[in-house]
Amino acid sequence: MKKHILTCVMLMLSLNVIAQNWDYIRTSGEYYFGVGHGQTEAEASEQAMADLVSMIATNVSSEFIGLEDETNTNGNIQHKSKVLNCVRTYSQSTLTNVEKWVLGEAPNVTVRRYMKRSELVHIYENRIAKAKDMIVIANEAVENTKIDMALQYYYWAYSLLRTIQRPNEVKDENGRVLVNWLPIRIEEILDKIQVAYEKRDGDCVDLLFSYDGQPLSSLEFTYSDGRAECEGRAKDGRGMIEMIPGYETDAYHINIDYEYKGQARGDDEMQSVLGVIRRKVFRQAEITVAAKKEIKDAKTANTEAIAQVGINLQPSSTQLAETKADDVETMSKVIEAIRKKRYSDVTSCFTLDGLSMYNELISYGTGRIVGTPNIKFFKGHDGKVVARGLQMSFSFNRGTKKTFVEDVIFTFNAKHKIENVAFGLGQIAENDILCKYAPGWKDETRELIMEFMENYKTAYCLKRIDYIRDIFADDAIIIIGNVAKRRSAQRHHEREISIEGQEVITTNRYTKDEYLKNLERCFDRNEFINIRFTNNDIQWLEKFEKEELFAIQIGQEYNSTTYGDKGYLFLLVDMTDHQAPQIKIRTWQPNEVDMKKIYNAGDFYRD
């Protein structure tokens, strides 16, 4: 009996302390708080967070300056509403230091959410730091002529800074006010982008894209096809737009993308910011391209000056293969068949596997040749010959029309039959592999790596799940995402694998089967997948004398019907068996990761 009474007394005291604590939270002025009610804890918590965000917005409304206020239909300025939206961008991802207090049980649950007011300063500081990191990425992108990436991260940094309390107080190391300097920087870049008309083939128009007089490696844009807004991507100086049947015009209107909302789908914070902040309009992004070559204006590039795009590799003479008449004739036939859409006319030019790949490629959207092919023949591994220099555009018309430009690569066997067809990597990645100085590397080794990366890219674009299953080792390490907790050492093919020098995500590490199941679902829900590779660095792990083990770091831009991102891909590939390479490790990290924390071979293999 005494024990029961003591328990009741302790419970009453406990409830009294809780009540006093909540009274203190509500009245002390040290906290922001919100209360929600619902049938479930999740429902009540969501309401409490909304109440908390509303309280923050009310209290900090007068402190937000520099916001572009909007007016309602009665002409009243909706400053608080704008602030509320800005604060909501924090609540979705960065208000992680909010405490939760749950009372009651379903179906009558009350949730209290609260945080110290002082924490809001740290949240602003974190957002400023993120914006400055993006500026560093954009600066590096300009230096490496990755203009699409530069535009994206300059604009994202600008948008982030517009959601903090006092954006005009944020300066860089040179004393420049960033919210003033960033729009100027974006305008400077846009001013150097030029688009020129090359030719029209039926309803398809070929365009040439340059930056400061040089072909653009990659750029996304929108245009009107005469009926609706469509999306396109230029690659290595070439892009294509497709008009509705019979639509004639004297000029085409191109809008360079700098907002990159699609790339923000994997970043909740960035996605919410871009959804809240009013879009900044840059007139320099709106380009009118005359439909006649002889009609030019200040914003239209000199066509002849940038027309020499396409393959621009600088290989050694030993990398080029002897030009065989049979191979030249075969490529001429294939090009003619694609131009005339008489694909079956050249079935005899392929092996059975090559024909399968050819059929898959011509079924990748609606394909057509752009520009004038500039075919060069390279030595492949095991005596093969690789034809490079054909560019094609591919368009997809379900929902929003989307177009891409890709290099298409053909591999010949010793009998002059095409045994493989693949998408090329693009000039930047190709030059890195074929032309970077690496003492002791054979030309065959370079082509082997190139062929593997081309097949890897093509497998994702054409959704070749069986091929992907074959190239991943059964015990492959697959990691996707940011940095988190450290993993302990493991054993892998009798070599010790460790994670050294950085932390590793534990929640986003997959087995081969888990990864492939996720990939299959991804393939099923997307009409198209397109991958572009940029700068890369390759290391031959020569300490394993009897094996050809390569560590590949490469920039990757991923685009699909439902998702887009940019980041860094790391592959550890065993190419000892040239016919059956095996991926031992695959990691992906977003661009925002500190370059010092990008995965490399040293993070996994000990000496």
Side-chain angles (χ1 to χ4, degrees), residues 140 144 146 217 312-316 318-319 378-382 384 386 388 407 409 411 422-460 471-473 476-479 495 497 500-502 531-558 566-589 591 593 595-607:
E140 292 176 354
N144 291 283
K146 299 178 182 178
S217 61
N312 188 31
L313 301 178
Q314 304 297 326
S316 66
T318 59
Q319 289 175 300
F378 290 75
K379 294 178 181 176
H381 72 278
D382 295 339
K384 299 174 184 177
V386 182
R388 304 181 183 279
D407 298 307
I409 314 301
T411 301
F423 289 136
L425 304 183
Q427 289 182 18
I428 293 176
E430 289 173 350
N431 273 305
D432 281 351
I433 295 172
L434 288 183
C435 310
K436 268 188 177 179
Y437 179 69
W441 280 35
K442 298 178 181 178
D443 294 336
E444 183 179 9
T445 299
R446 297 179 186 275
E447 189 63 48
L448 176 64
I449 295 170
M450 182 95 96
E451 180 181 304
F452 172 78
M453 292 305 298
E454 288 168 345
N455 288 336
Y456 177 92
K457 168 184 173 175
T458 307
Y460 282 79
I471 62 173
F472 274 91
I477 294 175
I478 302 172
I479 300 172
R495 297 194 195 113
I497 294 179
E500 298 178 337
Q502 70 173 64
I531 293 175
R532 177 177 174 269
F533 291 131
T534 56
N535 302 73
N536 62 81
D537 185 63
I538 300 173
Q539 179 184 3
W540 189 347
L541 304 185
E542 296 175 338
K543 60 187 176 182
F544 303 113
E545 297 178 358
K546 296 182 180 180
E547 300 179 9
E548 294 183 47
L549 201 62
F550 294 91
I552 302 170
Q553 287 178 318
I554 193 164
Q556 175 183 279
E557 299 177 13
Y558 177 97
K566 296 180 183 180
Y568 298 98
L569 182 70
F570 171 75
L571 297 174
L572 195 79
V573 189
D574 187 345
M575 296 188 183
T576 306
D577 183 348
H578 291 184
Q579 306 304 321
Q582 289 279 285
I583 297 174
K584 304 294 187 181
I585 299 171
R586 179 196 186 273
T587 74
W588 181 87
Q589 294 163 278
N591 274 320
V593 172
M595 287 301 294
K596 296 178 182 178
K597 293 183 177 180
I598 297 300
Y599 291 109
N600 58 60
D603 294 319
F604 297 93
Y605 281 89
R606 291 177 175 173
D607 293 330

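In this structure, Phe570 and Ile585 have side chains that are in contact, with non-hydrogen atoms separated by less than 4.5 Å. Tyr456 has its side chain within reach of Ile471: a pair of non-hydrogen atoms, C-beta onward, lies under 4.5 Å apart.
Formation of a donor-acceptor pair under 3.5 Å by the Asp537 side chain with backbone atoms of Gln553 is not found in this model. Using modelled atom types, one side-chain atom of Asp577 and one backbone atom of Gln579 make a donor-acceptor pair closer than 3.5 Å. Thr458 places a side-chain N or O within donor-acceptor distance of the main-chain N or O of Phe423, the cut-off being under 3.5 Å. In this structure, Lys379 contributes its side chain and Thr318 its backbone to a donor-acceptor pair below 3.5 Å. Thr576 contributes a side-chain N or O that, together with a main-chain N or O of Glu548, makes up a donor-acceptor pair within less than 3.5 Å. A donor-acceptor distance shorter than 3.5 angstrom exists from the side chain of Glu444 to the backbone of Asp382, with no hydrogens or angles considered. Side chain of Asp574 to backbone of Gln582: no donor-acceptor contact under 3.5 angstrom is found.
Thr534 and Glu557 get closest at one heavy-atom pair: CG2-OE2, 3.9 Å. Between Val573 and Pro581, the shortest heavy-atom contact is CG1-CB, 4.1 Å. The shortest heavy-atom contact between Leu549 and Trp540 is O-CD1, 3.5 Å. Of all the heavy atoms in Asn536 and Asp432, the pair that sits closest is N-OD2, 2.9 Å. The two residues Phe452 and Leu571 have their closest heavy-atom pair at CE2-CD1, 4.3 Å. A pairwise comparison of heavy atoms in Gln556 and Leu569 identifies OE1-CD2, 3.6 Å as the closest pair.
Look at Glu454 and Arg388 and you find a salt bridge, because one of the NZ, NE, NH1 or NH2 atoms lies within 4.0 Å of a carboxylate O, short of that distance.
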Item checked: Stepwise side chain to side chain contact (heavy atoms under 4.5 Å, CB included) test for Glu447 and Gln319 -> CA-CA 9 Å; Glu447 189 63 48; Gln319 289 175 300; over 6 Å; no
Check: Would Ile433 and Trp441 count as a side chain to side chain contact (heavy atoms under 4.5 Å, CB included) if you check the C-alpha gap in whole Å, the side-chain angles of each, and the deciding distance to 0.1 Å?
Finding: CA-CA 11 Å; Ile433 295 172; Trp441 280 35; over 6 Å; no
Check: side chain to side chain contact (heavy atoms under 4.5 Å, CB included) between Leu572 and Leu541: does it pass, once the steps are laid out?
Finding: CA-CA 10 Å; Leu572 195 79; Leu541 304 185; 3.8 Å; yes
Check: Stepwise, does the side chain to side chain contact (heavy atoms under 4.5 Å, CB included) test hold for Ile428 with Arg532?
Finding: CA-CA 10 Å; Ile428 293 176; Arg532 177 177 174 269; 4.2 Å; yes
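Lys457 meets the salt bridge (Lys or Arg N to Asp or Glu O under 4.0 Å) test with Glu406; sequence neighbours excluded.
Residue Met450 forms a side-chain contact (heavy atoms from CB on, under 4.5 Å) with just one option from Thr445, Asn455, Leu434, and that option is Leu434.
Ile477 CD1 to Thr587 OG1: the interatomic distance, rounded to the nearest 0.5 Å, is 10.5 Å. We find the CG-CZ distance between Leu425 and Phe533 to be 7.0 Å, quoted to the nearest 0.5 Å. Separation of atoms CD (Glu430) and CE (Met453) is listed at 11.5 Å; rounding is to 0.5 Å.
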